[in-house]
Amino acid sequence: MSALFVSDCHLSPERPHIMDCFAGFLRGRARRAGQLFILGDLFDYWIGDDDPAEEFAGVFRELAALGARIPVWFIAGNRDFMAGAQFARRTGCRLLPDLHVFNADRPTLLMHGDLLCTADITYQRYRRVIRHPLTMAAARRLKLDWRRRIALSLRQNSRRAMAGKSEAVMDVEQRAVTACMRRFSVRRLIHGHTHRPAIHDFTLDGEPAQRIVLGDWYEQGSVLELDNGRLRVQPPD
Ligand code: MN
């Protein structure tokens, strides 16, 4: 049975056609797969599991319906790392840690990908602070409307900061990629985050290695299928 991979859907009521497209994918194409991996930034932002998030009710229904049929795995991204156990219960998603080795035809490391953007020192510093358990615990104590205001301003700040950063700084660093792959003894890595879909072939310690970058869903859906060692990029329907 095939495994499907998506990331960076950035679901938001600001892009209703993408919400529909993703719901349609969950109801259709995804049901014919053996499992689905969501590799982060499913939402444009997720401020905490206590948010009723009515705007996503339709997507959650489809996720839960899919999750009752096949395993749906979720790795948090930089926009939805506040998703926790309640989110998992509500959607039927099974939470995975930031780095996870999926034993397909060969061990395949899965991650969102922001950890690999090591040239962006300001971002990595910010990430360490914002993802610290104490910061997250403090954030959960804030009222929802405060958290929403902070999320919106963080999103604006990141847009402004990205405008001032070079393309190279915002991409992954190859030495971070190889270090990570060595650490987990894998020769295949799948991630998102950079919104630069591609399949990069290279040699790692004398062996062929592959890094697959998933596409984002800003304009249209993008799905990667892994079936018996064969990789295919597909539209969501
Ligand atoms: Mn991201």
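Hydrogens, waters and symmetry mates play no part in the numbers below; they use all other heavy atoms, side chains included. Given the structure is predicted, the values throughout are model-derived calculations rather than measurements. Indexing begins at 1, ligand by ligand and atom by atom, following the structure's order.
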**Request:** For the pair His112 (side chain) and Leu39 (backbone), establish whether a donor and an acceptor sit closer than 3.5 Å, ignoring hydrogens and angles.
**Result:** yes

**Asked** With distance as the sole test, does Asp8 use its side chain to make a donor-acceptor pair with the main-chain N or O of Asp41 at under 3.5 Å?
**Response** no

**Message:** Per the salt bridge (Lys or Arg N to Asp or Glu O under 4.0 Å) rule, what does the pair list look like for residues 155-164, sequence neighbours excluded?
**Reply:** Glu14-Arg155, Asp44-Arg155

**Request:** Please list, chain by chain and in numerical order, all residues satisfying side chain to side chain contact (heavy atoms under 4.5 Å, CB included) with Ile18, sequence neighbours excluded.
**Result:** Leu11, Arg15, Trp217

**Prompt:** Counting no waters, what protein N/O/S atoms lie under 2.8 Å from the Mn ion (ligand 1)?
**Reply:** Asp41 OD2, Asn78 OD1, His112 NE2, His193 ND1

**Request:** Answer whether the closest heavy-atom distance between the side chains of Phe37 and Leu4 falls below 4.5 Å.
**Result:** no

Side-chain donor-acceptor distances from residues 93-104 under 3.5 Å, at least two apart:
{"residue": "Asp98", "atom": "OD1", "partner": "Arg131", "partner atom": "NH2", "Å": "3.0"}
{"residue": "Asp98", "atom": "OD2", "partner": "Arg127", "partner atom": "NH2", "Å": "3.3"}
{"residue": "Asp98", "atom": "OD2", "partner": "Arg131", "partner atom": "NH2", "Å": "3.3"}

